[in-house]
> 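Dumping the structure here so I can ask a few things about it.
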Amino acid sequence: MSQDIAGTAVAGQVAMVFDLNKCMGCQTCSIACKVLWTREEGEEHQWWMTVNTQPGQGTPKDWEDMGGGRKKDGSPVTGHQPTRAEFGGGWEFNYDEVFYGGKGRSVHLKPTDKGDGTTRWGMNWDEDQGAGEYPNAYYFYLPRLCNHCTHPVCASACPTGAMYKRPQDGAVLRDEDLCQGSRFCMEACPYKKIYFNEARNVAQHCIMCFPRLEEGVAPACARQCPGRLTFVGMLSDPEGPIHKLVNEWEVALPLHPEYGTTPNVFYVPPLAPYRLNEDMSIDYETPRIPPEYLESLFGPKVHSALATMQGELDRVRAGGTSEILDTLIVYNWLDLFGPFTTDPATLDRTPDKVAVSLTAKRTEPAGG
Amino acid sequence: MSTEDRYQRRWCWDRVTWGTHCVNCLATCPYRVFTLGDTVAFEEQGGTIEAVAEGVPDLNPLGCQKGSAWSVQLTSEDRVLHPLRRVGERGGGQWEQITWEEALTEVADAMLDTIDEDGVESIVFEESVEGGLLSQAPFLRLAGLLGAITLDANGLVNDLPTGQHITFGKFSCASTVDDTFRSELLLQWHSNPAYTSIPYHHFISEARYRGATVVAIAPDYNASAVSSDMFVPVRPGTDAALALSMCEVVLSEGLADLEFASTQTDLPLLVRTDTGRFLRERDIRSGGAEDHFFLWDEGNGIHDAPRATLRLEGLKPALRGRWPVQLADGSTVEVTTVLSLLEERLADYVPERAEELCGVAASTIRTLARMVAGHRCKILEGFNTPKYYHGDLMERSMCLLLGLTGNWGRPGTGIQGLALAGLDGYFLFPMKTKKGVEETARLLEGIEQAVETMRARDPEATDEMLGNQLLALSASSGTSAPPVFFNYHHAGYRETWNRAEWSDPTMKRTFDAYLSDAVRRGWWGGVARPGAATEPRVLFSVGTNPLRRARGGRAKLLSNLWPKLDKVVVVDFRMSTTALHADLILPSAMQYERVNVQYPITHTLRLSFSDAATPPRGESRTEWQIFSALAKRLSERAVERDLLEYVDGRRQTRHLDRLGDDFVVGGDFASEEVVLDEWVRDSADAGTLPVGSSVETLRRDGSIRFTGLGIFAPGLSVAADVSPTDVMTAFGWHVDKGLPFPTLTRRAQFYIDHPWFVEADEHLPRHKEPPRMGGDWPLLITSGHSRWSVHSMSMGNRPLLGTHRGRPLVVMSEQDAVECAVREGDQVRVVNDHGAFEAMARVTPRVRPGQLIVYNGFEPHMFPRWEGANEVEPGMVKWLHLVGKYGHLRYLPFGWQPVPADRAVFVRLERVEAV
Amino acid sequence: MFTYSLAGLEIKSAADGPEEVEENETTARSAVYQVLGAFFSAPDRDHFDRAGQGLWTKELTEAASLLPFPLEVGELTLASDVDPESYSAEYARLFGAGCSEALQIGAEDRDDVEAKLRREYEYFGLAVSTDRRAADDLCTECDFMQYLAFREAATGSDRLRASYRKAQRDFLERHLLSWVPDMVAAATALGPNAVYSWGLDRLDTFLRSDLDYVTAQLDG
Amino acid sequence: MQVPEIVDDALDPADKAWAAVPSEKVPLVPVPIEEQPNEYIRTAWRTRPYGRVGDVDVAAVQRGERLLVRLEWDDSDEPNTEFLDGAGVFFPDAGDSGAPLTIGSHSAPVRLWAWRDRTPMQEALPAARELVASGPGAFRAAGLDAGDGENEGARPDAVSALSGGRWAVVIAGDLARAAAAGRMGVVVWDGSNDERAGIGAVSPNWVPLTVK
């Protein structure tokens with residue numbers, strides 16, 4: 001078994017950019033994913049897409065302290081396998097007891113505590129808590145999904161070879177028939193975006209909505225994002241906004257680049273309002289979000305990315321124009337989605353039709 | 001099956017329909033609903049809305065997490081699927097399943113008993129916008145046919161920005177949301193769009209990227225402040241002081257757009273210094289009018305203020321000065337201008353003084369004021385201010401700031417609340433005696449005639465003013481009643497409202513005295529119903545949830561109102577707290593199971609359609625089915641009981657035996673789809689929707705953009721051109737065409753010379769501290785709408801519950817947590833002199849010390865003992881809002897009326913249970 | 001939402017007009033729709049006789065005499081070897097089961113198309129008897145246009161006149177002209193006999209001219 | 001080890017039929033760290049003790065076409081909510097003489113009948129599964145590959161009981177396969193120590209089986 005499957009020939013790498021300055025933490029991406037993919041038994045607590053308030057403990061709780069990833073020399077960093085209680089959530093509620101139990105006001109609707117600690121945490125437990133001191137508290141929203149890394153340490157840690165990068169788009173997937181539920185992937189993934197399905201004894205994570213990509217439809221999280229902040233496309237497309245934001249203008253950065261897995265999800269780091277002085281006058285100099293905190297998330301390049309963003313804002317406020325900001329404005333919604341602009345409602349996806357196309361695909365020669 | 005197959009097969013459907021959710025956010029986002037077999041598999045925003053104007057981002061994808069999880073709720077555990085009858089005591093949680101036949105008979109008999117014994121006005125319906133027009137129209141129709149009472153929705157939900165009404169004679173100041181993009185300065189003030197305007201929020205961040213400066217003015221560093229350029233923390237309830245101080249800076253630094261103010265506002269109007277009243281024509285000419293006002297022309301002295309236009313037509317009104325004027329009786333009085341008086345008042349709000357009041361640094365106030373004066377500024381103001389006791393003063397002050405800086409009626413300006421779009425077919429519907437275009441023409445021509453008759457009496461009136469007159473006429477014959485009287489007489493609020501220590505200290509008399517005075521003077525003639533002697537006996541709640549919503553709390557209603565009720569009938573699709581206390585629950589179909597539209601507003605200026613993707617689950621039925629069946633049952637039972645007719649409270653004879661037929665107009669309107677089709681076709685015929693629009697075109701396109709504002713007051717009040725290729729800016733007609741405002745002075749009015757306003761020293765905007773509602777306690781609850789629900793709608797949705805803590809929260813500052821010995825995650829008890837509730841504490845540095853936030857929407861049954869957050873809200877109403885018969889200060893449905901306050905309630909907090 | 005009800009007001013209107021009106025441009029348009037509608041109904045003996053006697057051209061000429069735009073009526077010659085049976089057969093050959101919008105556009109559910117049309121007719125005050133003829137039949141649709149034009153001419157209400165005009169333009173755009181040209185092209189490709197060749201040509205020309213006229217009236 | 005024939009089913013480890021069957025103590029050792037399938041696992045477990053179950057009592061019977069193996073070992077650890085205890089027996093292909101220490105290899109895969117304890121949510125999962133094991137943790141469900149026609153009727157089954165700090169598990173499977181192999185390896189995973197896949201205790205030597 002190879003230690004790093006980055007060598008897999010990938011025809012193109014699908015990538016995403018989230019502009020954190022447009023993210024309002026609404027969780028529509030999380031819900032879009034949840035409703036589409038993770039509503040069966042064993043998936044209750046699974047949120048392949050999450051949005052967390054930063055700074056914060058996030059999901060799973062304290063995930064940034066759980067290890068995993070890859071050293072500079074390519075050797076693995078061992079990690080902790082997040083527990084069900086650390087994920088929390090997936091609650092059941094006592095609907096029947098409250099509505100029909102004849103107990104009146106002696107009972108109220110609440111998550112049912114099964115004694116496993118899962119009612120004291122959830123995917124967004126520390127929502128809007130933030131850090132700092134009033135009135136100079138600071139926080140922002142960080143949407144996270146599988147990074148579909150170029151060096152997927154999850155796959156390298158799998159003893160059964162169940163995980164792979166799809167040749168056509170670089171999405172990291174798992175063959176759930178091969179997965180034996182041993183969860184080394186969950187330990188190895190430094191982003192902790194892999195979940196264990198207890199009911200089926202397999203791990204699961206974001207599938208990059210590959211059935212949608214194959215039909216030219218953007219992933220659900222991106223297409224449903226009301227904030228219009230989620231770009232999808234092929235990383236190498238020189239005309240696409242992702243390439244420009246990431247490689248040309250360098251305003252979009254990977255999360256925790258030091259984890260060493262080379263993520264394919266990038267973030268435009270957050271600006272923030274001015275701080276206030278003791279006397280409540282405005283402090284135009286000191287940034288509200290400590291730069292070292294942002295550096296801890298996005299690496300040292302975050303400083304130049306923010307400087308570029310601020311410079312562009314200053315220019316448009318002075319009456320100038322900015323190609324970067326016009327790109328981030330996204331005048332035409334579909335410009336977010338690169339080659340994936342198909343309207344799903346125009347597709348024929350009846351089960352019979354899909355079954356036929358699946359059979360056809362299987363009979364194609366390998367590599368097709 | 002391979003893994004890839006597994007996920008391929010999860011993304012399948014055999015049918016796609018349009019759907020929207022018709023909740024009270026009014027966003028009506030067009031969704032595609034994907035159905036497999038008889039199950040809605042998932043939904044996703046349509047994303048098919050075409051860009052309107054070049055260089056302005058399009059509206060797509062319009063949606064939020066609640067909309068994207070709606071399908072889950074169809075099979076939620078809180079769904080009610082069968083008619084249920086209470087067993088045992090109310091709220092006991094025991095039910096028996098009964099048939100529709102039994103249920104309708106029981107309701108019909110209770111109604112007939114009431115009509116027979118106490119009169120039809122003892123049957124009360126709560127109005128709402130919840131559930132969409134086809135949820136509401138059926139019971140409004142039945143109430144209208146019966147002559148029952150419907151409690152005005154806006155008086156119930158207190159979304160009425162009275163300050164905007166006082167200023168503009170209306171509150172419909174909302175441009176299309178894409179106008180935000182054209183702004184240079186956005187003040188998020190008393191609003192938290194990152195929570196409450198999720199579908200439109202992108203326009204704020206996109207405006208910022210285009211060069212706009214975004215400012216968040218709020219006590220707490222809220223989710224909308226996060227992506228702003230400036231956070232201006234303000235002491236809760238002191239926003240008027242901040243706004244007035246900015247006005248002071250604008251005027252004293254000579255930054256004001258005085259030409260705009262002279263044209264648009266009452267600032268140049270003359271006021272007598274002896275009485276503090278406007279100089280009226282009647283003062284100087286015998287037989288003169290009460291509502292003609294004057295200004296001082298710099299060339300020629302005193303001059304009639306133009307009434308037919310805002311344009312000055314050559315006049316150069318003096319804005320400052322004092323002049324002698326001879327009255328009709330020969331005596332001489334001194335007059336001055338509103339601006340002169342205003343400037344005297346603003347001296348109290350120089351920035352250094354205002355800083356003490358509102359906690360914003362004087363330097364910041366000056367900076368902000370200069371920014372507002374120098375930029376196209378829009379105040380993004382939600383419906384938070386109306387929920388403060390003195391919210392009207394805040395709004396009047398904000399409007400003044402805009403009026404002094406030329407900031408309405410122009411691209412990217414104005415104060416953004418909400419405005420109703422003109423679905424004229426819906427307005428016509430109650431009048432239609434048969435279906436079809438001929439009847440439509442008959443009605444429209446009749447209305448036009450009525451309007452022309454009124455115009456003949458006042459040739460200078462605008463269409464909007466005449467539309468209001470028409471609405472006032474119909475209000476005195478309709479079912480709608482401002483709930484203030486109902487609450488006062490029947491729901492136990494009288495004692496609360498008389499508590500002087502919870503009221504404005506300038507109130508010289510008891511609330512009782514003001515209310516009886518107002519009624520005695522006829523200010524609420526015809527709508528102060530039901531009177532003290534008419535006790536309610538049957539209460540219908542159709543998708544409303546008074547026990548969750550009522551400021552004053554569930555306990556107040558249960559102990560005062562409930563005992564008077566023979567029958568509490570809840571029509572809903574879910575077990576709300578009100579449903580839990582009902583006698584009968586009639587299960588209604590949900591969106592995706594029936595056709596529906598929500599009331600359209602100008603934010604998107606679109607009518608969006610919700611189709612029936614599947615049949616209603618269980619035994620649930622649509623409201624049209626329920627209420628047409630109830631009407632029929634009423635007729636049948638009336639015949640059986642020989643109760644064929646009665647005289648209603650307005651002395652009109654009503655015929656019960658015809659009720660069933662009348663409801664469906666002899667079968668013309670047999671289903672809601674036919675009804676909706678009629679609304680859409682009539683609106684198209686009236687010119688507010690594209691020609692040829694029908695349910696068929698809605699079903700194809702999902703959403704249609706309005707083509708006009710129509711002929712009715714709600715649409716006209718936006719006062720703007722509707723263009724298919726342009727953003728709509730509210731109040732364009734006032735600024736570009738000089739169309740007068742529908743106020744007493746026909747100008748944006750900052751001076752209210754009503755004696756009560758003078759008595760309260762509120763004849764001009766000013767700041768007043770929030771009264772100590774709830775008692776003299778150290779902490780103040782500001783509250784606000786949550787991110788996770790629209791009121792209580794979607795609060796029971798399992799996936800959505802998973803996106804937060806799934807239980808009620810009290811959000812508090814770190815300092816107060818230390819003070820109260822509370823740690824993050826503790827269960828805490830919030831107490832004041834009105835009530836108490838318990839919830840989990842969330843401790844965060846983003847909250848201002850002294851401030852508590854309890855986001856609303858949690859059902860009381862999610863709190864221990866079902867004591868919800870509304871238990872600590874006394875639900876005070878401001879006595880001044882009982883004023884009537886003063887120009888624009890008079891009742892119109894959905895308009896001017898007292899509304900209960902729930903923000904700035906004082907409490908203390910203690911720990912119940914540690915983590 | 002509030003009850004915006006004006007139900008308390010007395011509404012009177014002169015919307016109802018006379019049932020008979022003087023002939024003019026609009027009644028002429030109505031009359032032409034009547035003739036064309038009749039022409040495209042399934043042919044019976046009477047249809048055949050009228051063709052033989054030249055009555056179709058005569059009626060169309062009379063109907064079109066006051067038309068506000070030119071309509072070339074032309075000549076219709078029934079070949080001598082055509083008997084009633086082959087006359088009917090020609091109709092069946094060209095149009096199959098009949099001239100139906102649903103069939104022409106390949107709608108999945110004809111009932112659905114008809115239901116939508118019936119709703120349209122009913123809104124404008126026309127009840128459709130379903131037993132006689134389908135709602136999406138060309139004759140029915142022409143009848144509807146005939147009715148709308150007549151109501152336009154008959155009404156004393158300016159508002160209603162505008163409503164009927166808008167309805168005509170809309171109905172031409174969304175219905176008749178959305179499928180009749182395709183039907184005409186398909187039938188023409190089958191080489192119709194002289195009678196139907198004449199009719200198809202008149203129908204196509206008239207619908208297009210009428211839309212131009214109605215549009216000009218509304219825009220003008 | 002003798003595999004006596006019995007008449008009635010004895011899938012339940014408490015079944016009285018087992019009383020008459022002699023059991024044999026089989027020593028277990030940790031699956032060697034250097035044989036673990038990838039660098040991640042080797043790194044994670046290099047300094048961490050595993051293979052904590054030092055021996056297991058093994059007994060076997062045959063009934064009809066089924067082989068039933070009873071495994072018993074001491075386990076008084078607090079259960080782990082993440083990983084559950086497990087055990088398995090495995091059989092080489094006929095003629096293969098490799099050591100059982102790695103639970104098969106790429107060139108000589110073994111058939112593993114693996115039992116794992118189940119949570120209430122996992123009740124629908126089979127109690128035991130037949131896997132093709134080609135190294136520590138390199139397990140693959142039998143029947144996935146073409147030509148590997150898993151015999152429906154021969155699917156392994158298991159019944160387990162934990163009592164007094166001691167597991168007793170009976171795993172049943174296709175007698176013919178066991179008979180052909182003539183020997184058997186044993187593996188035990190201590191869930192409370194996060195043991196799974198190749199991280200477990202294995203019999204260093206084959207246990208010979210004498211099947212009639």
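No hydrogens, no waters, no symmetry mates; every other heavy atom, side chains included, goes into these values. Worth saying up front: this structure is predicted, and the values here are computed from it rather than measured. Proteins get letters first, then strands, A, B, ... in listed order; numbering begins at 1 in each.
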> Checking B:L800 against chain A: side chain, backbone, both or neither under 4.5 Å from a heavy atom?
both

> Where along residues 44-53 of chain A does a heavy atom come under 4.5 Å of chain B, listed by residue number?
A:W47, A:W48

> Could you look at A:A318 and say if it's the side chain, the backbone, both or neither that has a heavy atom under 4.5 Å from chain B?
neither

> Which bit of B:P860 comes within less than 4.5 Å of chain A, counting heavy atoms only: side chain, backbone, both or neither?
neither

> For B:V811, is it the side chain, the backbone, both, or neither that has a heavy atom closer than 4.5 Å to a heavy atom of chain A?
neither

> Partners of A:D279 by side-chain hydrogen bond (donor to acceptor under 3.5 Å, both in side chains), sequence neighbours excluded?
A:S281

> Give, as side chain, backbone, both or neither, the part of B:E859 having an atom under 4.5 angstrom from any heavy atom of chain A.
neither

> With a 4.5 angstrom heavy-atom cut-off, is it the side chain or the backbone of A:C225 that approaches chain B, or both, or neither?
backbone

> Which bit of B:T367 comes within less than 4.5 Å of chain A, counting heavy atoms only: side chain, backbone, both or neither?
side chain

> Using non-hydrogen atoms only, which part of A:Y95 is less than 4.5 Å away from chain B: side chain, backbone, both, or neither?
side chain

> Can you say whether A:V202 sits under 4.5 Å from chain B via the side chain, the backbone, both, or neither, judging by heavy atoms?
neither

> Kindly state whether the ring of A:Y139 and the ring of B:Y221 have centres lying under 6.0 angstrom apart.
yes

> Between B:R554 and B:E867, does any NZ, NE, NH1 or NH2 come within less than 4.0 Å of an OD or OE carboxylate oxygen?
no

> Between B:F181 and chain A, which part of the residue has a heavy atom less than 4.5 Å away: side chain, backbone, both or neither?
side chain

> Could you look at B:V87 and say if it's the side chain, the backbone, both or neither that has a heavy atom under 4.5 Å from chain A?
neither

> Is A:V354 in contact with chain B via its backbone, its side chain, both, or neither, using a 4.5 Å heavy-atom distance?
side chain

> Is chain A contacted by the side chain of B:R366, its backbone, both, or neither, given a heavy-atom distance below 4.5 Å?
neither

> Give, as side chain, backbone, both or neither, the part of A:I207 having an atom under 4.5 angstrom from any heavy atom of chain B.
side chain

> Quick one: what part of B:A225 sits under 4.5 Å from any heavy atom of chain A, side chain, backbone, both or neither?
backbone

> Please classify the contact between B:A579 and chain A as side chain, backbone, both or neither, with a heavy-atom cut-off of under 4.5 Å.
neither

> Would you mind reporting whether A:Y134 and B:R848 have side-chain heavy atoms less than 4.5 Å apart?
yes

> Are A:D343 and A:R223 ion-paired here, with the side-chain N under 4.0 Å from a carboxylate O?
yes

> Measure A:Q204 against the heavy atoms of chain B and call it side chain, backbone, both or neither at under 4.5 Å.
side chain

> Under a 4.5 Å heavy-atom cut-off, does chain A meet the side chain of B:I198, its backbone, both or neither?
both

> With sequence neighbours left out, write down each residue that passes salt bridge (Lys or Arg N to Asp or Glu O under 4.0 Å) with B:K66, or none if nothing qualifies.
none

> Hey, is B:R787 close enough to A:E127 for a salt bridge, meaning N to O under 4.0 Å?
yes

> Would you say A:Y141 and A:Q54 make side-chain contact, with heavy atoms under 4.5 Å?
no

> Side chain from CB out, backbone as N, CA, C, O: work out which of these in A:R212 comes under 4.5 Å of a heavy atom of chain B, or both, or neither.
both

> Among residues at least two apart in sequence or on other chains, which ones pass salt bridge (Lys or Arg N to Asp or Glu O under 4.0 Å) with B:R90?
B:D583

> Less than 4.5 Å to any heavy atom of chain B: does that hold for the side chain of A:L328, its backbone, both, or neither?
both

> Under a 4.5 Å heavy-atom cut-off, does chain B meet the side chain of A:L313, its backbone, both or neither?
side chain

> Got a salt bridge between A:E312 and A:R315, using NZ or NE/NH1/NH2 to carboxylate O under 4.0 Å?
yes

